[in-house]
Every structure is written in structure tokens, then in C-alpha cells.
Amino acid sequence: MRNPLPIMRHVRSSFSRPVRCFASISSLIVLAGVLGWIDTSRDASPPPISRIASENSCVNVQKCAECHAGIVADFATAPHSNTLRPGTDEDILALFAGQSVQQGGRTFSFTMDGHDLWFGSDDLEYQRRVDWVFGSGRHALTPVSLDPDGITQLSISYYADGEFRSTPGVSENRLGFAQLGAHESEADARRCFGCHVSRMSDDSLSNMKVDLDCSRCHFGADEHARSGGDRSPQPSWHELTPLESVNRCGECHRRADERKPDEISTDETHLIRFAPVGLVTSRCFEVANAPENAGIYPRLDCVTCHDPHLPSKTDPTYFEAICRSCHTPSQTHATVTHGLDTPDPAATNGGASADRGNRFVACSAEPPESACLSCHMPKTDFAPGLRFTDHWIR
């Protein structure tokens, strides 16, 4: 039977020499998601969707830069471009090597051996090699070790507040006995990597394009480049409906239609991690994008507020100004595209009429110039060291 993962398990035992198999993957990083963790509480739901560009659709990013130099340069600074690194990455080694943390009565440690980073605990005789680290570090960094039939998410992650803590979903309750992490099947591993690479072959995780290319989000970018720009990526982002646009982001950040209706409620506090689920459930999303309101309210989707080619803005006043484009009766609308495409204003409700009559909704508690986000999109603690903005606008 064909081994689904030609990269063998990297385990070091005190009774035997280390296994020294090296992956053929050598390049860094790509497209994002927030974290590489499996949501173990939603076993009954469909798995997250990860649409990977086909093996023949890769594009030379430098070719893109000939016409889109600014966007390519901007993207190099974005967390989306830096969400997967090998365990041998210099920055990863500098951050992890030599770190120890006590969790659940156990002591976990990251140590160096040659150029490799290893993970172990004081109660086990073996160690696991850190093969990959998921995450940009904006929220967390989660190390994993490759298995013959999947991956093991290691028990300790690094968090943006500078602390090392347990990896969410990898607990003693889940493991049941002392291990160094939680095993995920090859199918789950492919979904994890699928949101952090531009290309993945059908038969092996050792054949991934881990350096970013534009085709991960702009399907058909290779044909667009070869045609000198005559053939547009299909479909262009501005041709997507607001829901289709959010779902494109949701391929990695999770989609509402991956969950059952009764799984989307305020009681499901883990949904705070999945911004697209909250956004499309919001009254703001439904009203702004309703066909009968075309020309009255501006279009609302992820790129209304976020430029995926840049780090997300952190100034609340920037986002509050966008809120007021609907919640101030005299406010005129401006289309926000963030360089994704050059849209047809009519298709995106750009320049929508300021004459909304009584259709705008004023805040009943605070004046229009007050801070909107602290009440309607508060930052919420998901786990120690993890805070997410609640995109279920209410």
C-alpha cells in the first residue's frame, strides 16, 4: 500500500539514534488563516473548505510584480504571507529553542540538536521533531510534527503576548494519556496545510508550493499573467456577490454554510474565531447587501474593512468611519476595493445615494461620533492569550 506521507515520523528515543529523514519542502510560508488548529468541538459539521490551485496553475509572483509592484510589495508585509514556516527557520529557532513550560503537572521543552528543533517532556523517553510551525504570530504559533499518515499538533504553542501555553484542542482530556500532542489524520492535515500553501499535489504532502503565489486567492492568475493581462482571473473579486466574496475568505477562515443552522448561535462561543460566520449572520450584512437596498447602502463584505494585502489596521476610528457610512443619514458612500480589482461602481453599490430617508439606523444609546466597536464588535477572550474581534455585529 502506498504510504500517503513519504516523510517518515520524526521521533527521537533515548534508546535509539534519531530518525533523520528530511522533507523535500524547503521554501517558506504562505497564505493565511488565523491558526492551524482543528476545531474538535464540531465533529458533526462538514470540514472546512480549502480550495487549492491546481498543480499547473502556479504563477511567478515576479511576473505579477511587473504590473502590480505595489500590491506584491505590500503583501510581503502582511500576516497572510507568513503563516507557515519550517522548524528550521531562523526566527522560529530563536523564539522556541531553549523554552520550557509547565502544564498539567508536566514540563515540556524545546531543544536544539544540530539544525533541528525538538519537542519533549520530562515524563516521556522520546521527542518529536518540529517540522512546521503554523501561524503568523499575530495570534499564535503552533508547531507540528509530520507523521506517516498525518500530523501531530504539539501540545505547546507560542502566543502573541509572549507566553508559551497549551495548544487549544490539544489537552489531556483529548489525549487521554501522556503524549506530546494530538494526531490528526492525513485528511485533516491536508486541510491545515491547504490554507497555508498555494499548491498541494493530490498524492503527497511532500509536494507543496509553500511560497506564496497570487493564484491562491486570484484563480486564473497564471493565465492572466501569460496573456499580458488580457485574460482576467475568473471570477474577478468584484464580480462575486458579497456572500461569495466572504465565502472566498471563508475557505480558510471558515464559512457559515459549513455549519448546521443550530450550530450558529450566541451560545457557540468558539465562533468568535471564525469572522466570516459572524459577519454573514449580522443584520448589517443582510440589510446592506439586500437587493432592494442597492444604491442605498454600500456593499459590505470582508474587503470593505480589510485589505488582505496588508496587515490589518488596528485604529478603531478607521473601522468606525466605515460604520458611519451607513449609520449617518447624510454620509455619502465610497467604494472600498483595497486593490483587489477595479470594480464597476454599479456592481458594488459604489457612490450609493446619500438620500436614504429614514432607512439609516442610528444608535439608540450613544451619539453618532461615539466609539462603535466597543459595543457592537467587542474584542473577546477566546482562551488565555487569545483575543478576537467579534464580527457578529449586534
Side-chain angles (χ1 to χ4, degrees), residues 1-10 21-58 80-87 128-136 140-154 157 167-170 174 180-217 219 247-255 257-259 273-274 276:
M1 180 180 296
R2 177 183 62 81
N3 187 339
L5 272 177
I7 305 171
M8 297 302 295
R9 182 189 303 265
H10 299 297
C21 298
F22 290 89
S24 62
I25 314 167
S26 59
S27 50
L28 298 177
I29 325 177
V30 289
L31 178 69
V34 174
L35 301 169
W37 299 320
I38 299 295
D39 181 14
T40 58
S41 64
R42 314 312 310 169
D43 292 339
S45 300
I49 296 171
S50 296
R51 182 188 299 180
I52 301 299
S54 69
E55 193 161 339
N56 297 320
S57 65
C58 290
H80 275 150
S81 71
N82 193 35
T83 65
L84 181 65
R85 279 171 276 190
R128 297 301 308 266
R129 196 174 81 178
V130 176
D131 293 307
W132 293 100
V133 177
F134 285 91
S136 68
L141 296 168
T142 295
V144 304
S145 183
L146 291 170
D147 297 331
D149 58 348
I151 60 173
T152 291
Q153 296 186 78
L154 300 178
S157 293
T167 300
V170 183
R174 180 181 176 192
L180 293 178
H183 175 73
E184 305 294 348
S185 68
E186 184 189 10
D188 283 336
R190 292 182 68 83
R191 283 191 287 271
C192 290
F193 281 104
C195 289
H196 296 258
V197 303
S198 292
R199 184 193 68 187
M200 182 186 302
S201 68
D202 292 334
D203 60 351
S204 172
L205 289 181
S206 67
N207 185 16
M208 298 182 292
K209 185 173 182 185
V210 188
D211 53 322
L212 175 75
D213 68 50
C214 304
S215 62
R216 183 57 186 85
C217 290
F219 305 131
N247 280 346
R248 178 75 67 86
C249 299
E251 289 175 8
C252 292
H253 293 279
R254 308 298 173 87
R255 293 165 46 156
D257 60 7
E258 294 170 345
R259 321 194 83 75
R273 285 177 51 201
F274 309 139

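Just so it is clear, the values below take in all heavy atoms, side chains as well, and ignore hydrogens, waters and symmetry mates.
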Margin query: Nearest 0.5 angstrom please: F193 CZ to E186 CD, how far?
Written below: 11.0 Å
Margin query: Do P86 and W132 make a side-chain contact, defined as non-hydrogen atoms from C-beta onward lying under 4.5 Å apart?
Written below: yes
Checklist line | Minimal non-hydrogen separation, S157 against T167, with atom names | finding: OG-OG1, 2.6 Å
Check: Is the backbone N or O of R129 less than 3.5 Å from a side-chain atom of S145, with the two atoms forming a donor-acceptor pair by type?
Finding: yes
Notebook entry, point to check: Once you round to the nearest 0.5 Å, how far does OG of S136 lie from CG of L84?
Noted result: 11.5 Å
Notebook entry, point to check: Any side-chain heavy atom of V170 sitting closer than 4.5 Å to one from L154?
Noted result: no
Item checked: Interatomic distance, R259 atom CZ to D257 atom CG [nearest 0.5 angstrom] -> 10.5 Å
Checklist line | pair R248-F219: side-chain heavy atoms closer than 4.5 Å | finding: yes
Check: Taking the side chain as C-beta and beyond, is there a heavy-atom pair between D149 and H183 under 4.5 Å?
Finding: yes
Margin query: Are H196 and F134 an aromatic pair, judged by ring center distance below 6.0 Å?
Written below: yes
Next item on the list: For residues G135 and L141, report the shortest heavy-atom separation together with the two atoms involved.
Entry: O-CD2, 3.1 Å
Check: Looking only at side chains, do D147 and T152 share a donor and an acceptor under 3.5 Å apart?
Finding: yes
Next item on the list: Report the distance from atom CZ of R254 to atom CG of N247, rounding to the nearest 0.5 Å.
Entry: 13.5 Å
Check: Under a 4.5 Å cut-off applied to non-hydrogen side-chain atoms, are R255 and P276 in contact?
Finding: no
Margin query: Just to verify, which of R216, H80, R191 counts as forming a side chain to side chain contact (heavy atoms under 4.5 Å, CB included) with C252?
Written below: R216
Notebook entry, point to check: Are D131 and R85 close enough for a salt bridge, meaning some N to O gap below 4.0 Å?
Noted result: no
